[in-house]
2 protein chains.
Amino acid sequence: MKKCTVFYVSDSTGITAEDFGKSLLTQFDEYQFEGRMYPFITDEKKIENVISAVNYQSTIDEVSPLVFSTLVDEKLSAVLENSNALVFSLYTAKIKKIEQVLKTTASHKIGKFHSTGELIDYKKRINTINYALNSDDGMNTKKYDEADIILLGASRSGKTPTCVYLAMHFHLKAANYPIVEQDLEQAKLPRELLKYKNKCFGLTIKPKILCKIRQERYPDSKYAKLDQCQYEIKQVENIYKKYNINYIDTSKISIEEISTKICKNMKKL
Amino acid sequence: MKKCTVFYVSDSTGITAEDFGKSLLTQFDEYQFEGRMYPFITDEKKIENVISAVNYQSTIDEVSPLVFSTLVDEKLSAVLENSNALVFSLYTAKIKKIEQVLKTTASHKIGKFHSTGELIDYKKRINTINYALNSDDGMNTKKYDEADIILLGASRSGKTPTCVYLAMHFHLKAANYPIVEQDLEQAKLPRELLKYKNKCFGLTIKPKILCKIRQERYPDSKYAKLDQCQYEIKQVENIYKKYNINYIDTSKISIEEISTKICKNMKKL
């Protein structure tokens, strides 16, 4: 596989530049991209170090390095654009256009990404993360009144990471509840959940994939056997249908996609 | 405060467009931005709905709406660019430039962001999230051999959300350990941590802010009193200095910044 080096440069964390670049580069299957983070690049000396690294890399790689930059400072951006690479200054031109349209001046303050200025949002996020942790795996059902979403599913179908993501990114209070033996057998919604039916959303997964995931954790257990996985998935889907609970298959989609689909479905976007 | 409506349009989750736009718009203090998510926009009919919404909004808002789009399809992008808004097509021109430089053709497949193609990464992430949850608040110290990072700090100084973020974004196994009474009194690193000293990183926080956070949770408790917070912070900082443990003040920075600074400091970037 061909290789390409990618530099993520920012006066703040570099997380926006990296997320953006990684996402865009999924379009290029033939290459393997090696990312390098350069956060907190706030002055000329630091930018010179980045440029040295970029230029050096351009002498050893077969193809030109790529640079994704969220630098706000125009001078630093201009210097970076002169390096031996394909440089995308993601912010500077856009800031100018927005200034014109909104008839205002940007603060041009560096390191502003993820400022905690919005303290209410910040606190909300901490609270939702704590809620997800305390309401994992059927814990704390007493606090379901507060929940925005209650995720259901067989063990290891993706409930926990989805709840954490819903908390972290969407600031939603997401609990999760594993459907286990007795409820599976009777294909019944656990009694505790009945009055929260409207907050419930189901996850399902292809039995073969579930089996593989469980095998890794508890090889050769009954729990990880294919027929057990097939049985559990059949029963959880029966429960979803019987109680009119929307659900999605998590087999081939990412935590981000699962979370976004749930939010869209439950009108939380 | 002036208001501006922002549309985030994507053939996938829209998370990249939203994160990018929000981050860029922190440059514009004078405005309050109201975001609208339009994920999974995959055909002409869906894009027409978006355009109707954008154009309608442009008739009621005082300033032009902004549109951040990560559509991959050039035709859909071109249609969107004709709406009554300032439209940023974040991907299309860049894809063309990268195609030229890398002498390759982009897949142009829609919805590729966060594909689970990289199954190893995906599993690693699930594992690190589970590790963070199981190693919260001093739990599971037996598994510290596996940890990449062990965060220390007084109660409510930001350890848990930081660990979750380190897991979710940086795929690191991050445990956290609260420094409590006896260790505080003696200004000693808990015995269990001694052999993991090199994995430890400390959080500190301004006592006044800690006091406020604790007050919200347990108003009028001894735990939330300012002098108790002052005492605890003095002692945890003494421990960090005594054992040569690096630390940062989380008072005014976001979870993303805290996490990036820790990674940089511990050479995990």
Side-chain angles (χ1 to χ4, degrees), chain A residues 2 4 12-16 19-20 23-31 37 39-40 63-64 66 70 72 86 88 90-91 94-95 97-98 101-104 106-109 112-116 122 125-126 129-130 133 136 160-161 164-165 168-169 252-257 259-260 264 269, chain B residues 2 4 12-16 19-20 23-24 26-31 37 39-40 63-64 66 70 72 86 88 90-91 94-95 97-98 101-104 106-109 112-116 122 125-126 129-130 133 136 158 160-161 164-165 168-169 252-257 259-260 264 269:
Chain A
K2 294 182 220 168
C4 176
S12 178
T13 65
I15 290 173
T16 302
D19 284 347
F20 183 87
S23 159
L24 180 59
L25 295 173
T26 58
Q27 290 291 319
F28 297 90
D29 300 332
E30 287 176 32
Y31 275 83
M37 294 296 287
F40 310 119
V63 296
S64 163
L66 306 178
T70 53
V72 170
L86 177 56
F88 295 108
L90 301 173
Y91 279 5
K94 292 182 189 70
I95 288 177
K97 280 192 189 164
I98 296 172
V101 166
L102 299 189
K103 299 184 181 69
T104 184
S107 67
H108 291 282
K109 271 184 211 146
K112 281 219 76 173
F113 173 44
H114 303 300
S115 89
T116 49
Y122 181 72
R125 192 183 191 194
I126 307 263
I129 293 170
N130 284 326
L133 265 65
D136 187 40
T160 299
V164 172
Y165 195 83
M168 181 77 86
H169 188 88
K252 284 191 174 176
I253 61 176
S254 67
I255 301 170
E256 283 83 351
E257 282 171 279
S259 305
T260 306
K264 205 178 170 194
L269 276 186
Chain B
K2 293 182 219 170
C4 177
S12 179
T13 63
I15 290 173
T16 303
D19 283 347
F20 182 87
S23 159
L24 180 58
T26 58
Q27 290 292 319
F28 296 90
D29 299 332
E30 286 178 32
Y31 276 83
M37 294 296 286
F40 309 117
V63 296
S64 164
L66 306 179
T70 54
V72 170
L86 177 57
F88 295 108
L90 301 173
Y91 279 4
K94 291 182 188 70
I95 288 177
K97 281 192 188 164
I98 296 172
V101 166
L102 299 190
K103 298 186 182 66
T104 184
S107 68
H108 291 283
K109 271 185 211 145
K112 282 218 76 171
F113 172 46
H114 301 302
S115 90
T116 49
Y122 181 71
R125 192 184 192 194
I126 305 264
I129 292 170
N130 284 326
L133 264 65
D136 187 40
T160 298
V164 172
Y165 194 83
M168 180 79 83
H169 188 88
K252 285 193 174 174
I253 61 177
S254 67
I255 301 170
E256 283 83 351
E257 282 171 279
S259 304
T260 306
K264 205 177 169 194
L269 275 187

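Just so you know, these numbers come straight off a predicted model, no measurement behind them.
For the atom pair OG (Ser254(A)) and CD1 (Ile15(B)), the distance works out to 7.5 Å, reported to the nearest 0.5 Å. The structure places CG of Asp136(A) at 11.0 Å from CG of Asp136(B), a figure rounded to the nearest 0.5 Å. In this structure, the separation between CG on Leu24(B) and NZ on Lys94(A) is 7.5 Å, given to the nearest 0.5 Å. Atom CG of Leu66(B) and atom CG of Leu102(A) lie 5.5 Å apart (nearest 0.5 Å). Taking CD1 of Ile129(B) as the reference point, atom OG1 of Thr160(A) lies at 9.0 Å (rounded to 0.5 Å). Atoms CZ and CD1, on Phe88(B) and Ile98(A) in that order, are 4.0 Å from each other to the nearest 0.5 Å.
Listed options His169(B), His108(B), Lys97(B), Met37(B) were ranked by heavy-atom pairs under 4.5 angstrom with chain A; first place goes to His169(B). Among Val63(A), Ile126(A), Leu86(A), Leu269(A), the residue with the largest count of heavy-atom pairs under 4.5 Å with chain B is Leu86(A).
Phe20(A) and Phe20(B) have tilted rings, their planes meeting at an angle from 30° to 60° on a 0 to 90° scale.
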Go through the steps to decide whether Thr104(B) and Glu30(A) satisfy the test side chain to side chain donor-acceptor pair (under 3.5 Å), and finish with yes or no.
CA-CA 8 Å; Thr104(B) 184; Glu30(A) 287 176 32; 3.3 Å; yes
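A 4.5 Å side-chain heavy-atom check between Ser23(A) and Thr70(B) finds every atom pair outside the cut-off.
Scanning all heavy atoms of the two residues, the minimum distance from Met168(B) to Pro161(A) falls at CE-O, 4.3 Å. Residue Ile95(A) comes nearest to Phe28(B) through the heavy atom pair O-CZ, 3.7 Å, listed as atom of the first residue, atom of the second, then distance. In this structure, Thr16(B) and Asp19(A) approach most closely via the heavy-atom pair CG2-O, 4.4 Å.
Interface residue Leu25(A): only side-chain heavy atoms are found under 4.5 Å from chain B. Only the side chain of Lys264(B) comes within contact range of chain A, with at least one heavy atom under 4.5 Å from a heavy atom of that chain.
A side-chain donor-acceptor contact under 3.5 Å links Gln27(B) to the backbone of Lys109(A).
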